[in-house]
Amino acid sequence: MTHDVFCLSKPMKIATWNVNSIRTRLEQVIQWLTGNPIEVLCLQETKVIDADFPQAPFQALGYQPHFVGQKSYNGVAILSQLPVTDISTGFAAILGDSADVETQALAQQFDEQKRVITGVVNGVRIVNLYVPNGSEVGSEKYQYKLAWLSVLRPYLEKLLGESGQISLCGDFNIALENRDIYTDQGRETHIMSSEAERQALRSAVLDLGFADAFRKFTQAGGHFSWWDYRTGGFQRNRGWRIDHHYLSPALYERAIACTIDIAPRRLEKPSDHTPVIIELDLA
DNA sequence: ATGGCTCGCCCAGCGAGA
């Protein structure tokens, strides 16, 4: 596969942000991009059909939006200052017939929910995911989440066969370790921290060689990307780190920063998530 | 111990989120 490689001399910044409705959060996202003119912003939970995605405000700021959405639920987008090539949405288009028949069928079924978009920017294959929430441990949606992650693995394997430079980000709806949660009380029975979810994420992502960019730079707990609207979760700093950047080995070496910007979570009518930013030195 | 909020949905409580 050949890519138009756009050469960027400065480090490339990529952010991930679950905005919980792009229409409700539009002004906040525009304001944030104005103050943080990064190259690529990956959004989750846009909650809008493609015909209604607000493209013009981003184009006016110099960002080309690429998106796939549905009514009311889910929806992902990649906003980029740089040219994006090889755009693809969903699991099935990438998997093609490389996977077994059962996996292909699952992929098509999962693609009804708009949770996956990818494109190549500056020679980097960017993958933006909105992993299913899972509702409650043991529920039907929980099984859906685990099965979805089992298809993510062959999806990523296929991409790794084409490029060693993969930057995977999104709302994973899983805290990998206890230090990623404000408390470890009841974690085994809690959605987002059960051992089966963690194992599914390790199997789909980490076992392929991807590593959590945030932990390259910060070992302490107490760093979160999501706080529950209820119970005054943000005011009491009862948070979870569930929004991640995972980098393939070649890119992990190139990472020079990974930070969480808490400022948008302090605004009036915020998303319950806040942006997480990585910086890659590709020179 | 339970439920706290916020979103979109053809406008009113309800499913979904995490």
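A, B, ... follow the sequence lines: proteins, then strands. Residue 1 opens every chain. These numbers come from the heavy atoms of this one structure, side chains and all, not from hydrogens, waters or symmetry mates.
- Distances from the side chain of A/Lys71 to the nucleotides B/dC7, B/dC9, B/dG17 place B/dC9 closest.
- Residue contacts shown for A/Trp240 are absent, as no nucleic acid heavy atom lies under 4.0 Å away.
- Ion pair A/Lys114/A/Asp50 not flagged as a salt bridge, since none of the NZ, NE, NH1 or NH2 atoms sits closer than 4.0 Å to an Asp/Glu carboxylate oxygen.
- Of the side-chain N and O atoms in A/Lys269, one or more sit less than 4.0 angstrom from OP1 or OP2 of B/dC7.
- Ring-plane geometry between A/Phe91 and A/Trp148 is classed as tilted, the angle between the planes lying from 30 to 60 degrees on a 0 to 90 degree scale.
- When the C1' atom is compared between B/dT2 and B/dA12, the two are found 25 Å apart, to the nearest whole Å.
- Put simply, CH2 on A/Trp227 is 21 Å from P on B/dG17, counting in whole angstrom units.
- Following rounding to the nearest Å, A/Tyr73 (OH) and B/dC14 (P) show an atom-to-atom distance of 14 Å.
- By the 30° and 60° cut-offs, the orientation of the rings of A/Phe110 relative to A/Tyr144 is perpendicular.
- Put simply, A/Thr24 has a side-chain N or O that comes within less than 4.0 Å of OP1 or OP2 on B/dG8.
- Set against B/dG4, B/dG17, B/dG8, the side chain of A/Tyr130 has B/dG17 as its closest nucleotide.
- Listed candidates were B/dA16, B/dG4, B/dT6. Nearest to the side chain of A/Tyr229 is B/dT6.
- Look at CD on A/Gln113: it is 12 Å from C1' on B/dG17, rounded to the nearest Å.
- B/dC10 shows a glycosidic angle more than 90° from 0 and is accordingly assigned anti.
- Taking atom CZ of residue A/Arg236 and atom C1' of nucleotide B/dG3, one finds them 12 Å apart after rounding to whole Å.
- B/dA1 and B/dC14 have their P atoms separated by 27 Å, with the value rounded to a whole Å.
- The pair A/Glu188-A/Arg198 does not count as a salt bridge, with every side-chain nitrogen at least 4.0 angstrom from each carboxylate oxygen.
- Listed pair A/Arg25 / B/dC7 meets the phosphate criterion, a side-chain N or O lying under 4.0 Å from OP1 or OP2.
- Atom P of nucleotide B/dA16 and atom CG of A/Asp272 are separated by 17 Å, given to the nearest angstrom.
- One atom, CD1 of A/Ile191, and another, P of B/dA16, lie 14 Å apart when rounded to the nearest Å.
- Between B/dG3 and B/dG15, the distance separating the two P atoms is 15 Å to the nearest Å.
- Look at CD on A/Gln44: it is 14 Å from P on B/dG17, rounded to the nearest Å.
- A donor atom on one side chain and an acceptor atom on the other are not found under 3.5 Å apart for A/Trp240 and A/Asp180.
- Among the protein residues, A/Asp228 comes within range of no part of the nucleic acid, since none of its heavy atoms lies under 4.0 Å from any strand.
- A/Trp32 and A/Asp261 share a side-chain donor-acceptor pair at under 3.5 Å.
- At a threshold of 4.0 angstrom between heavy atoms, the contacts of A/Asn18 are confined to the sugar-phosphate backbone, with no base atom among them.
- Not one side-chain nitrogen or oxygen of A/Arg230 sits closer than 4.0 Å to the OP1 or OP2 atom of B/dC7.
- The phosphate of B/dC7 (OP1 or OP2) has no side-chain N or O of A/Ser21 nearer than 4.0 angstrom.
- The CD atom of A/Glu140 sits 11 Å away from the P atom of B/dA16 (whole-angstrom rounding).
- Taking atom P on both nucleotides, B/dT6 is separated from B/dC10 by 22 Å, rounded to a whole Å.
- Toward the 5' end of DNA chain B, the nearer of the two residues A/Thr231 and A/Asn74, judged by each one's closest nucleotide, is A/Thr231.
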